[in-house]
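Positions are given from 1, in the same order as the sequence printed here.
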Amino acid sequence: AYPGFLQLLQRLDNESRRLRCIVWDEAHTLVDDVSYRTRLRTLPVVLRSAVKCPFVLLSATVPVEKETNFLQAFCTPHAAVLRAVTTRSD
């Protein structure tokens, strides 16, 4: 599915030890955009099997009621979830 990309990640993770973590910004798109990006559904499983480094998933728009599905989609049901108010004073 993503052979060149996976080979690069495996080389960085296993051989050279230069891959410290994978940061996925706007991570909610995996759950929200699967209707037109069907290949996104398989990416977390493929990545999890290819590399051992941690994932950092960033999103400001995952409601509490969707959190479990979101974490399951990334194969991380027991992840630490940090929430904070993002209201600005201006």
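A heavy-atom distance below 4.5 Å is not found between the side chains of F74 and L47. Side chains of L57 and T76 form a contact here, defined as non-hydrogen atoms less than 4.5 Å apart.
Through direct or relayed side-chain contacts under 4.5 Å between Ile, Leu, Val, Met, Phe, Trp and Tyr, V56 connects to V23, L58.
Considering only residues two or more places apart in sequence or on other chains, T61 meets the side-chain contact (heavy atoms from CB on, under 4.5 Å) condition with H28, S59.
Going from atom SG of C53 over to atom CZ of R17 covers 11.0 Å, rounded to the nearest 0.5 Å. Distance CZ/R20 to CG/L12: 11.0 Å, rounded to 0.5 Å. Rounding to the nearest 0.5 angstrom, the gap separating the CG atom in L6 from the CG atom in D13 is 11.5 Å. For the atom pair CZ of R48 and CG of L43, the computed distance is 11.0 Å after rounding to the nearest 0.5 Å.
The two residues V45 and C75 make their nearest non-hydrogen contact at CG2-SG, 3.5 Å.
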Name each donor-acceptor pair under 3.5 Å that joins a side chain in residues 64-73 to protein atoms two or more places apart or in another chain, with its distance.
unit_1, atom_1, unit_2, atom_2, d
E67, OE1, R83, NE, 3.2
E67, OE1, R83, NH2, 2.9

